[in-house]
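All chains are named by letter (A, B, ...) in the order of the sequence lines, taking the proteins before the strands, and each is independently numbered beginning at 1. Treat the numbers as computed from the prediction; the structure is a model and nothing was measured. Just so it is clear, the values below take in all heavy atoms, side chains as well, and ignore hydrogens, waters and symmetry mates.
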Amino acid sequence: MIQLAGLGRYLVRRAITFIPTIIGITLLTFTIAFYTPADPARAWAGGQKARPEVVEQVRKMYHLDEPFWTQYYFFMRHILSGSIYSPVTHNNIIVEWMQGFIVTANIAVLATFFTIILGIPLGIIAALRKDTAIDNAVRLLALIGYSTPSFWIAYIFVWIFYDVLRWITLVGVPIPSRIITGLFVIDAIILGEFNILDAIVSRLLLPSFILAFISFGGLARYVRNTMLDVLSSDYILYAHARGLPPFRVWKHALKNSLIPVVTVILFMFAGLLSGAIITETVFQLPGIGYKYVLAINNFDIPSIILYTLMTGLFIVITSLLVDILYAIIDPRIRL
Amino acid sequence: MGVIWIKIAKRLDKFTDKIIDIYAALREFISPGWKTKNRSKVSELKLMLRAFNRSPLAWTGLTLVLLFIIIGIIGPYVAPEPYWEVYVYPKNMPPGWVDSNGVVHLFGTDYYGRDLLSMILWGARISLVIGLAVIALGVPLGIILGLVAAYYGGKVDEVIMRIVDVFYSFPALVLAIALSATLPSRIDILLREVPILKDFLVLLFGIRPEHGGYLATTVSIIVAMAVVWWPVYTRLLRAVALSEREKVYVEAAKALGLSDRTIMFKHILPNTSSVLLVTITIDLGSIIILEAALSFLGLGPQPPLPEIGRLISDGRAYWPEKWWLIIIPGAFLFIVGLGWNLLGDGLRDIFDPKTRRSIEFGIKERPIMVHDIIGLLGDIAIIAGFLTAGIVYRDAPGMVILFAPLVLLYVVWKGLNTVRFLSRHYVGYALGLIAYLWLITALAKFLPSTYPSGLIVLCGVVLKMSSEEIGKRRGVK
């Protein structure tokens with residue numbers, strides 16, 4: 001435990017910067033919604049034809065006639081107590097968010113999985129064969145990934161895999177009879193429901209593959225660069241000089257270059273968890289991103305705020321986790 | 001393949017060296033003594049461009065980006081069909097469709113029965129202006145805050161970085177959607193109360209003045225993306241400026257008693273420019289794609305304004321039978337995005353001393369000749385001629401007439417060069433240009449009466465001056 005000296009102090013310091021960020025996020029999202037000039041009460045009461053007393057009632061109900069801070073207080077109280085309802089669909093938003101989150105989490109896990117199995121080997125190969133055709137190909141792949149509009153590539157893949165090959169389906173979200181881990185694929189395997197597994201794979205495979213397609217080149221590039229940095233460091237030179245076989249040297253290099261790579265993957269995963277808005281819209285998957293777009297179209301302000309808030313929270317918490325992870329691994333940070 | 005590329009790169013080297021030499025000569029002309037003071041800078045620039053020449057990907061990127069910018073600037077003027085005349089043709093016609101007047105529509109027609117090619121040309125302007133506007137709004141704010149945070153440190157730094165953290169906590173798309181969904185009605189009021197702003201934007205986007213009312217949503221996505229983007233630059237600038245702050249030149253500037261503002265903007269900022277340039281280039285690609293994504297979701301410019309993401313969104317219902325509605329605009333976006341990314345990546349390499357060092361030295365300085373400048377003027381005259389013929393007169397035969405002598409002269413000049421008739425490169429070039437201008441004036445007689453006005457007068461003047469010049473040079477020799 002002596003090795004972790006100073007960790008507590010570091011955590012306290014990190015928490016001091018963490019809390020204002022959370023408050024800032026809630027304030028920012030609330031401000032965006034608060035300064036919406038169109039009258040939400042009228043929209044929720046039924047549009048232009050709504051009777052004035054109904055509009056007034058709706059306005060009272062959602063505290064829309066109160067000043068900024070009171071509204072903020074009410075909003076935060078309801079979120080913390082978990083009882084906040086959408087004025088458009090009349091559902092509990094937090095419950096709805098969770099339903100969307102399960103779908104999104106499934107896609108995010110699959111997408112991250114594909115990104116890792118494609119990106120890391122490619123990056124390692126590119127680093128070991130620096131300045132060759134493979135290296136240039138990885139570089140080009142990364143750039144193609146950055147510059148591909150996801151809504152465009154999605155339609156091309158839909159054409160290949162749905163209209164030509166008939167490998168995938170585009171309606172409904174199949175769910176195994178019991179949810180154990182929350183990941184549909186694993187649940188279906190545990191329960192032995194292989195027809196549902198087949199349906200899940202053919203529904204969720206393509207969206208997650210598209211998300212992976214966009215990011216795996218970038219990950220490969222990152223792995224290549226960190227790997228090259230490590231390969232040019234002194235202890236690798238020493239390992240070579242000591243006469244270690246190349247395979248053993250690479251093992252040392254890989255171990256050290258994977259730490260920054262893990263953080264990148266974590267951030268990518270957090271970003272995916274906040275909803276792949278475009279991909280979910282194209283595939284009509286009822287995840288968070290799809291629901292977010294629906295809320296925007298319906299002018300459903302509480303939902304908009306909650307969804308924005310949750311995405312912000314996810315990323316802040318991830319960065320906190322990454323920092324703590326680093327502090328445990330690398331003692332210099334705790335200083 | 002590699003050998004061919006090296007050959008091309010060596011040719012490009014000559015060209016880029018010439019450009020830098022001309023630039024240096026101009027600076028020397030404006031402020032005598034510049035060249036001796038900045039000799040290392042000149043050779044550094046040459047070396048950078050040589051590094052750039054050796055990267056085929058970077059050149060592809062630059063070509064694509066230049067094409068996009070040219071299309072963005074001249075697109076609205078050369079578009080064969082106006083965007084505001086809807087339902088002229090049957091909607092969603094395939095590429096190569098011929099209408100009743102016998103006009104071929106290269107990319108077919110869109111959801112509103114307009115020529116798709118024209119819509120992409122109009123839309124390119126909108127994409128370009130939105131991209132540049134986001135950079136113009138977001139980057140200065142980011143730069144100032146980043147510099148201030150890094151330079152002063154302490155509490156100022158802490159406050160600024162906490163605000164940045166808040167903005168960083170949202171994926172770009174989520175925050176941009178939330179903002180662009182709530183902003184339009186406020187922007188609408190702003191546009192109505194400040195008509196000058198509206199007129200200016202109408203001019204920038206190249207749209208009809210009566211469509212100024214549709215700009216509220218367009219401006220709101222610009223503002224939304226600028227709000228999303230500035231923290232990127234604050235973080236970047238702070239990181240770079242923190243390491244710059246510790247360097248000796250900053251200490252020297254402080255010792256001289258310069259003000260904080262001078263040190264920040266005149267001394268630290270120029271040293272971060274390479275990083276900034278790379279990031280801006282790459283970000284322009286991302287901004288154009290993000291903007292299309294927002295339009296795809298129904299935010300951003302509303303019909304009848306042609307917007308590329310919107311064109312794709314309109315074609316969704318007809319996929320995959322009418323594939324061109326999605327494939328063609330999407331391919332355009334992809335190529336534009338790839339262009340910016342390739343260029344940015346290439347720039348990153350040439351600013352990196354490690355890559356640059358691998359290129360052999362051997363940069364010699366060559367005195368600037370008058371014919372170099374005549375040659376450059378000739379290039380400008382040719383490009384201006386094309387633009388005038390293309391944009392102002394919309395004159396296809398005129399463009400052919402401008403182009404045909406050029407090809408002819410190139411062939412003749414090349415032939416003379418191979419038999420060593422013309423020993424000096426630039427004299428031949430200048431001679432060729434003069435002959436070209438003469439040919440245009442000669443050919444202009446056969447053109448429709450509208451064409452030979454301003455351009456030909458310009459040509460005449462240049463012709464007169466440069467023929468004397470050439471005569472003098474010959475006499476000297």
Next on the checklist: For a side-chain contact (heavy atoms from CB on, under 4.5 Å) check, start with the C-alpha distance between N341(B) and I144(A), then their side-chain angles and the critical distance, and finish with the verdict.
Outcome noted: CA-CA 8 Å; N341(B) 271 307; I144(A) 287 176; over 6 Å; no
Checklist entry - Given S147(A) and W340(B), is the side-chain contact (heavy atoms from CB on, under 4.5 Å) satisfied, shown in steps? => result CA-CA 9 Å; S147(A) 46; W340(B) 286 110; over 6 Å; no
Item to check | Test log, rule side-chain contact (heavy atoms from CB on, under 4.5 Å), inputs L140(A) and L342(B) | outcome: CA-CA 8 Å; L140(A) 196 63; L342(B) 284 173; 4.1 Å; yes
Item to check | Pair R162(B)-I23(A), side-chain contact (heavy atoms from CB on, under 4.5 Å): steps then yes or no | outcome: CA-CA 11 Å; R162(B) 285 295 80 74; I23(A) 295 172; over 6 Å; no
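With chain A as partner, the option from G330(B), P329(B), G337(B), G309(B) having the largest number of non-hydrogen pairs under 4.5 angstrom is G330(B). Contact count against chain A (heavy-atom pairs under 4.5 Å) is highest for I326(B) among D165(B), I326(B), L57(B). When the candidates V282(A), T318(A), I278(A) are compared by the number of heavy-atom contacts under 4.5 Å with chain B, I278(A) comes out ahead.
Across every non-hydrogen atom of A178(B) and I32(A), the tightest pair is O-CG2, 4.0 Å. When all heavy atoms are compared, the tightest approach of T308(A) to F170(B) is O-CE2, 3.2 Å. Among all heavy-atom pairs drawn from T311(A) and P171(B), the shortest one is CB-CD, 4.2 Å. Nearest heavy atom pair, residue S169(B) against residue V316(A), reads OG-CG2, 3.2 Å.
Only the side chain of T29(A) comes within less than 4.5 Å of a heavy atom in chain B; its backbone stays farther off. Both the backbone and the side chain of I327(B) come within contact range of chain A, with heavy atoms under 4.5 Å apart. Using a 4.5 Å cut-off between heavy atoms, I296(A) touches chain B through its side chain atoms alone. For chain B, the nearby parts of L143(A) are the backbone and the side chain; heavy atoms of each come within less than 4.5 Å.
Ring geometry for F296(B) against F151(A) counts as parallel: the plane angle stays under 30°, on a 0 to 90° scale with 60° as the upper cut.
With contacts defined as side-chain heavy-atom distances shorter than 4.5 Å, the pair Y146(A)/S286(B) does not qualify. Under the 4.5 Å side-chain criterion, counting only non-hydrogen atoms from C-beta, T21(A) is not in contact with M161(B). The side-chain heavy atoms of I156(A) and W323(B), taken from C-beta on, include no pair separated by under 4.5 Å. Side-chain contact between V158(A) and W319(B) is present, with at least one heavy-atom pair separated by less than 4.5 Å. Here the side chains of I177(B) and I304(A) are not in contact, with every heavy-atom distance at 4.5 Å or above.
Side chain of Y292(A) to backbone of V174(B): a donor-acceptor contact under 3.5 angstrom is found.
Applying the 6.0 Å contact sphere to CZ of F18(A) captures more than 12 heavy atoms from other residues, nucleotides or ligands. Around CZ of F283(A), the count of heavy atoms belonging to other residues, nucleotides or ligands within 6.0 Å exceeds 12.
The distance from the OG1 atom of T148(A) to the CG atom of L333(B) is 10.5 Å, given to the nearest 0.5 Å.
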